[in-house]
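Before any comments, here is the structure.
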Amino acid sequence: MLNLFEREKLDLQSLSPSDTAINVEGLNLWFGKKQVLNDISMKIPKHRITALIGQSGCGKSTLISSFNRMNDLVDGCRYLGKVEIDGRDINHSRENVARLRASVGMVFQRPNPFPMSIYENVCYGLKLQGMSLRRTLDDSVEQALRDAALWEEVKDRLFEPANILSGGQQQRLVFARALALQPDILLLDEPTSALDPLTTLYIEELMISLKKRCTVIIVTHNMQQAARVSDYTAFIHQGELIEYADSDSLFTMPVKKQTEDYITGRYG
Amino acid sequence: MKSAIGKIYTADKRQALAVGLAASMAAVLLLSLISIVIFILIRGSSYFWPASINTIEYSDFHSGKTEQVFGQILMSRVPASTFAEDRVIEQGLEQHWLMSRVENGELIQSNEIILPTQIVSSRNELDIAELRLTDGTRAFIAPAGIRTEDREYVDLVEFSDVHKNVKILQRQLKVIRDEHLSPIHRQIAQYDRDGVALDAPARVKLLNEFEHFQRAIGNLEQALNGYQLVVRDAMGKQALVPMGNIVSVNFPNRLGFWGKMGFAAQRIWGFLTEEPKLANTAGGVFPALFGTVLMILLMTVIVTPFGVLAAIYLSEYAPNNSLTAAVRIAVSNMAGVPSIVYGVFGLGFFVYGIGGTIDSLFYSDRLPSPTFGTPGLFWASLTMALLTLPVVIVATEEGLKRVPQGLRDSSYALGATKIETIWYTVLPVASPAIMTGVILACARAAGEVAPLMLVGAVKFAPTLPVDGDFPFLHVERQFMHLGVFIYDGTFHSQVNSQGSSMMFAACLLLLVCVFGLNFVAIKLRSRLRKRYARD
Ligand SMILES: Nc1ncnc2c1ncn2[C@@H]1O[C@H](COP(=O)(O)OP(=O)(O)OP(=O)(O)O)[C@@H](O)[C@H]1O
Ligand SMILES: [Mg+2]
């Protein structure tokens with residue numbers, strides 16, 4: 001089984017189904033006439049942090065959004081291929097998308113607290129799941145805020161509007177909001193790009209601590225960050241998966257020329 | 001030539017000219033706005049302000065005799081052409097006076113138009129009183145004393161005590177009439193319908209009771225008639241005014257500024273809480289205010305859900321095709337349809353169509369007298385809801401469009417369905433815009449007149465649409481509306497200058513209502529914005 005404390009290297013090509021969180025097979029995606037993802041196949045291991053890197057506009061956000069079908073919300077989006085979570089094709093027409101999104105959490109680049117109190121923000125997903133008992137809600141909210149390292153800062157003003165929080169606090173609130181649902185997979189789209197270094201460090205520690213509970217996939221433009229926190233890294237270029245390997249080898253000995261050019265800053 | 005102009009008007013100067021022009025346009029706009037408000041304010045508040053009473057001596061135009069009267073000047077204006085022929089323009093503005101005289105022992109009020117040159121002398125006397133009577137008329141007299149049942153002369157100092165006694169008598173009369181006589185009347189009518197014999201003991205007993213109360217009323221009325229106010233006109237002629245007909249006696253010439261202010265405050269209160277009198281030229285506007293507010297409330301209850309749901313459908317669900325675009329254009333064109341068209345539609349479709357059908361289905365026992373098949377509060381509210389629907393739809397759509405996509409995405413990403421996202425996130429954020437739309441709709445409905453007159457608003461309604469009888473809210477009744485009230489007032493203004501001042505007062509009230517509504521809208525919006533603000 002998995003060993004959480006050692007960076008044991010898994011063979012990404014022949015990952016066993018029990019170790020696979022997401023299995024992408026031949027994924028093609030179009031926005032209107034424009035093809036954004038081109039035949040992507042990859043297996044994302046469970047309880048690891050996988051980073052997606054690549055030039056702006058290469059399709060990282062689109063790829064990560066196809067793991068919880070957020071692309072459905074875009075007009076004129078079509079896709080072909082399989083995305084399997086727990087052996088289930090989530091692109092199947094009978095998939096319950098709301099339930100899928102509740103179990104695959106997502107944090108966006110800009111914090112978007114709802115115009116409600118801090119408490120209600122964290123409760124939002126839980127209430128949608130039909131949880132209404134005050135006691136359990138209270139406990140879940142506290143636990144989620146502790147997990148997101150925000151509890152100490154907001155415990156005295158849980159019922160104040162969330163938008164009085166600072167940007168960094170808001171981002172952690174958004175983490176707490178997603179964590180409250182205890183997702184199996186957490187998708188992070190440039191979660192720290194608007195934050196100061198200290199808060200970034202907080203969030204990075206948070207991600208590492210989350211490994212125990214879920215699979216984390218992070219999109220980042222920060223090479224150091226990818227190298228620091230991620231176990232595996234995928235480099236995407238113009239909608240194609242160029243290289244996908246454990247982070248140590250990808251950053252130290254990239255196989256492909258394009259990867260090397262990108263991580264050494266020759267373009268992008 | 002061209003180059004010369006180019007030299008004179010440099011770019012700087014052209015810009016200054018443009019700015020100057022724009023600024024002066026804005027100034028004109030501001031000026032006209034301010035003058036509307038000030039005009040209405042002055043004319044409207046004169047209805048409340050206790051003007052002084054003059055004792056004037058003036059010469060009659062035809063006989064040339066001079067006469068002394070108590071009167072009050074209501075307004076002055078340029079002479080109407082019909083009178084101009086036998087008057088010289090240089091004589092100045094004609095003055096409209098309200099005067100009181102005693103003729104054949106009767107107190108008489110008259111509206112008279114005189115010219116400044118006719119007035120021989122004019123002065124203010126402290127002891128002249130303004131009498132307000134229960135029918136809404138005002139009279140100017142010199143009170144000389146009070147006559148009671150047993151005493152020939154009581155000093156005016158005791159007026160309020162005597163008046164209190166009179167009121168007690170009046171209340172007793174009312175109690176006997178309402179609580180004893182009317183039930184007996186109804187019972188006798190019931191006997192008649194049931195064919196109870198004329199000499200049946202129950203009926204005889206009832207008739208005896210009836211006579212007993214009738215006698216009591218006779219006695220009370222006699223007692224009441226014993227109380228009279230002795231008044232004199234400016235010529236010293238005497239008349240008796242039954243105390244029961246008097247609402248108040250006051251001496252405006254004795255009041256200082258603050259006294260007048262207090263008096264005006266009282267009059268404003270009366271204006272808001274009393275019924276109109278003398279065919280809407282005196283008294284208060286309570287039924288019209290009440291009707292307006294109730295109609296707006298009902299309209300809001302109808303238009304808000306419809307408008308918001310329609311806007312949600314249009315902006316969140318409708319496919320992005322030409323049909324939706326056509327619907328959108330139709331909605332914004334609906335706002336431009338003349339309001340009288342809505343009135344006609346309401347009358348034809350709601351009142352006669354739907355109302356008539358309801359009557360024939362559920363109230364057929366009351367036909368041919370209609371219940372819902374006649375203009376009434378509900379149909380008026382429905383018509384106004386239809387009229388203001390575009391306002392609410394457009395404002396709501398505007399608000400929905402401005403809700404950031406990121407917020408929606410966050411909601412979806414937490415497992416919310418589309419409807420949950422709209423309900424829990426989008427609508428709260430759009431609520432300031434929705435609020436604005438609804439309040440704009442209210443202001444529109446408060447000021448509308450023409451369609452309302454077709455579908456239920458009347459210039460005089462005998463009963464309020466809310467009373468103590470089940471089901472308390474009678475939406476089928478006709479009601480009074482401030483706009484219609486003002487419209488009605490403009491007709492009286494041509495014959496009766498007192499009525500015109502009432503009209504301006506009602507106008508002022510309408511203005512205050514609309515400004516108040518807008519003020520509330522702004523406050524509410526900024527509070528909601530603060531709550532749902534995003535940085
Ligand atoms: N809603 C949309 N409609 C049409 N095209 C889109 C849409 N969203 C993204 N695209 C296009 O898809 C491509 C990939 O976009 P995506 O957002 O996935 O890039 P990205 O790798 O996340 O870039 P960045 O690092 O700047 O966030 C881009 O060319 C973009 O123009
Ligand atoms: Mg992106």
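Sequence lines set the chain letters: A, B, ... in the order given, protein chains first and strands last, and positions in each chain run from 1.
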In terms of heavy-atom proximity below 4.5 Å to chain B, should A:Val107 be classed as side chain, backbone, both, or neither? neither
Can you tell me which of A:Gly105, A:Ala102, A:Ala178, A:Gly167 forms the most heavy-atom pairs within a distance under 4.5 Å of chain B? A:Ala102
Answer yes or no: are there more than 12 heavy-atom neighbours, outside B:Phe286 itself, under 6.0 Å from its atom CZ? yes
Do you know the tightest heavy-atom contact between A:Leu128 and B:Ala416? CD1-CB, 3.4 Å
Heavy atoms from other residues, nucleotides or ligands near CZ of B:Arg328 exceed 12 (cutoff 6.0 Å): yes
Do any pairs count as a salt bridge (charged side-chain N to carboxylate O under 4.0 Å, His left out) and have a residue in residues 291-320 of chain B, sequence neighbours left out, and if so which ones? B:Glu316-B:Arg408
Closest non-hydrogen atom pair, B:Leu407 against A:Pro115: CD2-CD, 4.1 Å
More than 12 heavy atoms of other residues, nucleotides or ligands under 6.0 Å from CD of B:Gln15: yes or no? no
Any donor-acceptor N or O pair under 3.5 Å, side chains A:Tyr124, B:Ser410: no
List the atom of B:Thr417, the atom of A:Ala98, and the distance in Å for their closest heavy-atom pair. CG2-CB, 4.0 Å
What part of A:Arg177 gets within 4.5 angstrom of chain B, counting heavy atoms only: side chain, backbone, both, or neither? both
Just so I understand: if I count every heavy-atom pair under 4.5 Å between each of A:Asn68, A:Leu73, A:Leu181 and chain B, which residue has the most? A:Leu73
Chain B contacts: which residues in residues 86-96 of chain A have a non-hydrogen atom closer than 4.5 Å to it? none
More than 12 heavy atoms from other groups under 6.0 Å of CG on B:Asn333: yes
B:Phe290 atom CZ, neighbour heavy-atom count above 12 within 6.0 Å: yes
Would one find more than 12 heavy atoms of other residues, nucleotides or ligands at under 6.0 Å from atom NZ of B:Lys418? yes
Not counting sequence neighbours, which residues clear side chain to side chain donor-acceptor pair (under 3.5 Å) with A:Lys127? List them please. none
If you tally heavy-atom pairs under 4.5 Å between each of A:Met70, A:Arg69, A:Arg99 and chain B, the highest tally belongs to A:Met70
Can you tell me if B:Phe519 has over 12 outside heavy atoms packed within less than 6.0 Å of its CZ? no
So what's closer than 4.5 Å to chain A heavy atoms on B:Asp409: side chain, backbone, both or neither? both
Applying a criterion of heavy atom separation less than 4.5 Å, what residues of residues 132-145 of chain A form contacts with chain B? none
Is A:Asp75 atom CG crowded by more than 12 heavy atoms from other residues, nucleotides or ligands, each under 6.0 Å away? no
